[in-house]
Chemist: 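I'd like to ask you about the structure that follows.
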Amino acid sequence: MNFGNIDWLLIGEATVDTFLMTGFSLLFTVIIGLPLGVVLFLASAGQMLANAPVYQTLSFIVNVLRSVPFLILLIVMIPLTRVLAGTSLGVEGAIPPLVASAAPFFARLVENVLRELDPGVSEACRAMGANSRETVLLALLPEAMTGIVAAIIVTAIALVGYSAMSGVIGGGGLGDLALRFGYQRYQTDVMIVTVVILVIMVQLLQVFGDRLVARLNRK
């Protein structure tokens with residue numbers, strides 16, 4: 001191994017691509033998964049908008065997407081990805097399957113966080129005449145904020161791993177670099193560097209998330 005022969009500019013570009021994939025995917029995951037998790041909670045038995053058909057349908061879709069291995073989802077979604085992003089390669093081509101895989105996962109986390117809240121919160125809102133929208137926006141989500149932030153961090157860490165796997169279909173980023181140079185060209189030094197960078201990214205996310213959750217808890 002000769003780390004002096006590594007193209008550090010290429011490593012830097014791949015790291016930025018991984019950050020972009022993770023960041024944009026996380027943004028869309030939260031935008032889609034948060035409302036989906038709230039609807040799952042509200043439509044479940046015993047809640048304000050309990051609706052068995054709606055809950056069972058959404059729950060089935062979420063379970064199906066969560067059960068499909070990410071690598072298979074990457075390949076299956078190639079035609080749809082081309083329609084949505086205009087390409088199935090690079091950062092743009094990796095985002096749709098990343099979101100499709102992470103959003104159901106995040107939605108379940110949100111649903112579970114809301115289930116753990118004291119039922120008295122919803123009951124107090126009903127007693128004061130608040131409708132379901134007001135209850136969710138003014139009571140449930142603020143009360144669940146710490147748990148939701150923790151769920152976002154867990155999802156972000158999962159997306160880092162998923163983004164690395166997207167290199168199998170030319171998704172760009174560190175995973176693509178590790179595959180093309182570290183595996184196909186037997187450049188072990190490149191493989192080691194990409195793994196170290198991914199580990200550092202995960203550690204930074206976890207430390208930042210733990211501190212943010214701790215700060216929210218103190219409030």
Chemist: Determine whether Leu10 and Leu198 fall in the same hydrophobic cluster, where Ile, Leu, Val, Met, Phe, Trp and Tyr are linked whenever their side-chain heavy atoms lie under 4.5 Å apart.
Modeler: yes
Chemist: If you look at every heavy atom in Met77 and Ala100, which pair is closest and at what distance?
Modeler: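 Of all heavy-atom pairs spanning Met77 and Ala100, the closest is SD-CB, 3.5 Å.
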Chemist: Mark yes or no for whether Ser101, through its side chain, and Pro97, through its backbone, hold a donor-acceptor pair below 3.5 Å.
Modeler: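 Not confirmed, Ser101 side chain does not pair with Pro97 backbone.
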Chemist: Between Leu98 and Leu26, is any pair of side-chain heavy atoms under 4.5 Å apart?
Modeler: no
Chemist: Give a yes or no on whether Leu34 and Ile95 share a hydrophobic cluster (residues Ile, Leu, Val, Met, Phe, Trp, Tyr; joining criterion: side-chain heavy atoms under 4.5 Å apart).
Modeler: yes
Chemist: Could you go step by step and tell me if Met21 and Val160 meet the side chain to side chain contact (heavy atoms under 4.5 Å, CB included) rule?
Modeler: CA-CA 8 Å; Met21 279 190 287; Val160 171; over 6 Å; no
Chemist: Taking all non-hydrogen atoms of both residues into account, name the closest pair between Arg108 and Tyr55 and its distance.
Modeler: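 Reported closest heavy-atom pair: NH1-OH, 3.7 Å.
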Chemist: Side chains of Asn112 and Glu116: donor-acceptor distance under 3.5 Å anywhere?
Modeler: no
Chemist: Could you pull out the closest heavy-atom pair between Pro53 and Thr57, with the gap in Å?
Modeler: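 Closest heavy-atom pair between Pro53 and Thr57: O-OG1, 2.8 Å.
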Chemist: Which heavy atom in Val39 sits nearest to a heavy atom in Leu58, and how many Å separate them?
Modeler: CG1-CD1, 3.5 Å
Chemist: Is it true that, when you exclude Phe70 itself, more than 12 heavy atoms of the residues, nucleotides or ligands shown sit nearer than 6.0 Å to its CZ?
Modeler: yes
Chemist: If you look at every heavy atom in Ser163 and Thr22, which pair is closest and at what distance?
Modeler: OG-OG1, 3.9 Å
Chemist: Locate the shortest heavy-atom distance separating Leu117 from Leu140; write the atom from each residue and the value.
Modeler: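 The pair with the smallest heavy-atom distance is CD1-O, 3.6 Å.
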